[in-house]
Asks: 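Handing you this structure, nothing more for now.
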Amino acid sequence: RFADVFLPSTIAVLLVSIPLATSGLLLGSRIGLGAPLLTALSTRSPGALRRLAKVTALAAGIGLSTGLILWLLRLATADSLPPELPELGHRGAVGGLLVSISAAIGEEVWLRLGVLTIVGWFLVRALGQPGLTPRIAWIAISVSALAFGAIHLPQLAAAGAATPVGIAATMLGNTTVGIVCGWLYWKHGIISAITAHFAIDLVLHVVPALVS
């Protein structure tokens, strides 16, 4: 039954999301990460809506451009990839849209607000820095991006496409997404990372279904 599947999966997601989101918000506020736009909106800071619109537009543009580049790379290397690798847009437009929304929110909360922030905070403390330096930020971005790539490997294996080429392509593509979203998170907060991730997934999961 639907409830037998939906309820356990929802509980599992919440058990992961709540601790990571809470840790990210608490620790992020100490090193200049987190959700500054949400804070500005909640405190009715002057110009908050204008900053939100500007950042969202920037993140959407970067996300759409990144998605297009990854789509073109996928098309250019299609003959070299494992035939078992699912085609882009294989879930259909509606399925792709739902996946795009859930992945943009869930994975950014886990990997950027959660993992990136925790790694950044730990390194700041371990190295005795007064705050988040560019070097620490890039280390944290890279760690979270590699973790983001790695969490997609079980899905690749389930499709029977976990060949060396398939693994390399999956890691490269998802690590690229992780770096882009990680940089945006560092510079503009979690809203920008979610927006960019959603835009990337729209290009990769929805548009191919509409044009096929």
Asks: Starting from the C-alpha separation in whole Å, work towards a yes-or-no answer on side chain to side chain contact (heavy atoms under 4.5 Å, CB included) for Arg135 and Leu123.
Replies: CA-CA 10 Å; Arg135 178 176 294 182; Leu123 290 175; over 6 Å; no
Asks: Would you mind reporting whether Arg91 and Leu97 have side-chain heavy atoms less than 4.5 Å apart?
Replies: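 The answer is no; the side chains never approach within 4.5 Å.
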Asks: For Leu52 and Leu41, work out which heavy atoms get closest and say how close.
Replies: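 Nearest heavy atoms, Leu52 then Leu41: CD2-CD1, 3.7 Å.
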Asks: Going only through I, L, V, M, F, W and Y residues with side-chain contacts under 4.5 Å, is there a path from Leu146 to Val180?
Replies: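 No, Leu146 and Val180 fall in different hydrophobic clusters.
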Asks: Which pair of heavy atoms, one from Met171 and one from Ala150, lies closest together, and at what distance?
Replies: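 Of all heavy-atom pairs spanning Met171 and Ala150, the closest is SD-N, 3.6 Å.
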Asks: Return each pair, listed once, that meets ring pair (Phe, Tyr, Trp, His ring centres under 6.0 Å) where at least one residue sits in residues 100-122; pairs must be two or more places apart or across chains.
Replies: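 Matches after skipping sequence neighbours: none remain.
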Asks: For the residue pair Val143 and Leu116, establish whether any side-chain heavy-atom pair is separated by less than 4.5 Å.
Replies: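 No - every pair of side-chain heavy atoms lies 4.5 Å or more apart.
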Asks: Between Thr56 (side chain) and Ala53 (backbone), is there a donor-acceptor pair under 3.5 Å?
Replies: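 Absent.
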Asks: Measuring from atom CD1 of Ile69 to atom CG of Leu64, what distance do you get when rounded to the nearest 0.5 angstrom?
Replies: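 Ile69 CD1 to Leu64 CG: 11.5 Å, rounded to 0.5 Å.
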Asks: Got a donor-acceptor contact below 3.5 angstrom from the His205 side chain to the Leu202 backbone?
Replies: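 Judged by distance alone, no pair lies under 3.5 Å.
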Asks: Are Val55 and Leu184 close enough that some pair of their side-chain heavy atoms sits under 4.5 Å apart?
Replies: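 When only atoms from C-beta onward are counted, Leu184 and Val55 do not touch, as no gap falls below 4.5 Å.
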Asks: Keeping the roles fixed (side chain from Thr170, backbone from Ile167), state whether a donor-acceptor pair exists under 3.5 Å.
Replies: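 Flag not set: sc Thr170 to bb Ile167 has no pair under 3.5 Å.
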Asks: Is the count of non-hydrogen atoms from other residues, nucleotides or ligands lying under 6.0 Å from Glu84 atom CD greater than 12?
Replies: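 More than 12 within 6.0 Å, yes.
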Asks: How many angstroms lie between atom OG1 of Thr66 and atom CD1 of Ile200, to the nearest 0.5 angstrom?
Replies: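 Between atom OG1 of Thr66 and atom CD1 of Ile200 there are 4.5 Å.
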Asks: Compare all side-chain heavy atoms of Arg74 with those of Leu81 and state whether any distance is below 4.5 angstrom.
Replies: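 Side-chain contact under 4.5 Å: yes.
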Asks: Testing the basics here: between Gly120 and Ala140, what is the closest heavy-atom pair and its distance to 0.1 Å?
Replies: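 Here Gly120 and Ala140 meet closest at N-CB, 3.8 Å.
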Asks: Within the distance-only criterion (no hydrogens, no angle test), does the side chain of Arg51 pair as donor or acceptor with the backbone N or O of Pro46 below 3.5 angstrom?
Replies: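 Here the side-chain-to-backbone pair exists.
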Asks: If you group Ile, Leu, Val, Met, Phe, Trp and Tyr by side-chain heavy-atom gaps below 4.5 Å, do Val94 and Leu210 land in one group?
Replies: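 No, separate clusters.
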Asks: Between Tyr185 and Gly34, is there a donor-acceptor pair closer than 3.5 Å when you use the side chain of the first and the backbone of the second?
Replies: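 Yes, Tyr185 side chain to Gly34 backbone: donor-acceptor pair under 3.5 Å.
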Asks: Could you state the interatomic distance from CZ (Arg125) to CD1 (Ile31), rounded to the nearest 0.5 Å?
Replies: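 Spacing of CZ (Arg125) from CD1 (Ile31) equals 11.0 Å.
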Asks: Hey, are the side chains of Ile62 and Trp183 touching, using non-hydrogen atoms and a 4.5 Å cut-off?
Replies: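 In contact.
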Asks: Checking side-chain contact (heavy atoms from CB on, under 4.5 Å) between Ser23 and each of Thr117, Ile118, Leu113, Ile18, which is the one that passes?
Replies: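 Result: among Thr117, Ile118, Leu113, Ile18, Ile118 is the only option passing the side-chain contact (heavy atoms from CB on, under 4.5 Å) with Ser23.
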Asks: So, do Trp138 and Ile179 sit near enough that their side-chain heavy atoms are less than 4.5 Å apart?
Replies: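 Side chain of Trp138 against side chain of Ile179, heavy atoms only: contact under 4.5 Å found.
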Asks: Locate the shortest heavy-atom distance separating Asp201 from Ala103; write the atom from each residue and the value.
Replies: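 So the two residues come closest at OD2-CB, 3.6 Å.
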Asks: Suppose the criterion is ring pair (Phe, Tyr, Trp, His ring centres under 6.0 Å): which pairs have a residue in residues 142-162, not counting sequence neighbours?
Replies: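 Listed once each, the pairs are Phe148-His152, Phe148-His197.
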Asks: Using only atom types and a distance under 3.5 Å, with no angle test, would you say the side chain of Thr163 pairs donor to acceptor with the backbone of Gly166?
Replies: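 Between the backbone of Gly166 and the side chain of Thr163 there is a qualifying donor-acceptor contact (under 3.5 Å).
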Asks: What are the two closest heavy atoms between Ala145 and Gly178, and how far apart are they?
Replies: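 Ala145 and Gly178 have their closest heavy atoms at CB-C, 3.7 Å.
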Asks: Where the side chain of Thr133 meets the backbone of Ile136, is there a donor-acceptor pair that is under 3.5 Å apart?
Replies: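 Checked: pair present.
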Asks: State whether the side chain of Thr175 and the backbone N or O of Leu172 hold a donor-acceptor pair below 3.5 Å, judged by distance alone.
Replies: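 Such a contact is absent between Thr175 side chain and Leu172 backbone.
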Asks: Measure the shortest side-chain to side-chain distance between Val177 and Cys181 over non-hydrogen atoms and say whether it is less than 4.5 angstrom.
Replies: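 The answer is yes, as the side chains (C-beta and beyond) meet within the 4.5 Å cut-off.
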Asks: Is any side-chain heavy atom of Arg112 closer than 4.5 Å to a side-chain heavy atom of Ser144?
Replies: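 Arg112 reaches Ser144 side chain to side chain.
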Asks: If hydrophobic clusters are built by linking Ile, Leu, Val, Met, Phe, Trp and Tyr wherever their side-chain heavy atoms come under 4.5 Å apart, do Ile151 and Leu70 end up in the same one?
Replies: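 Ile151 and Leu70: one cluster.
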Asks: Mind listing the closest non-hydrogen atom pair of Ala93 and Ala209 along with its distance?
Replies: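 Answer, listing the atom of Ala93 first, then Ala209: N-CB, 3.5 Å.
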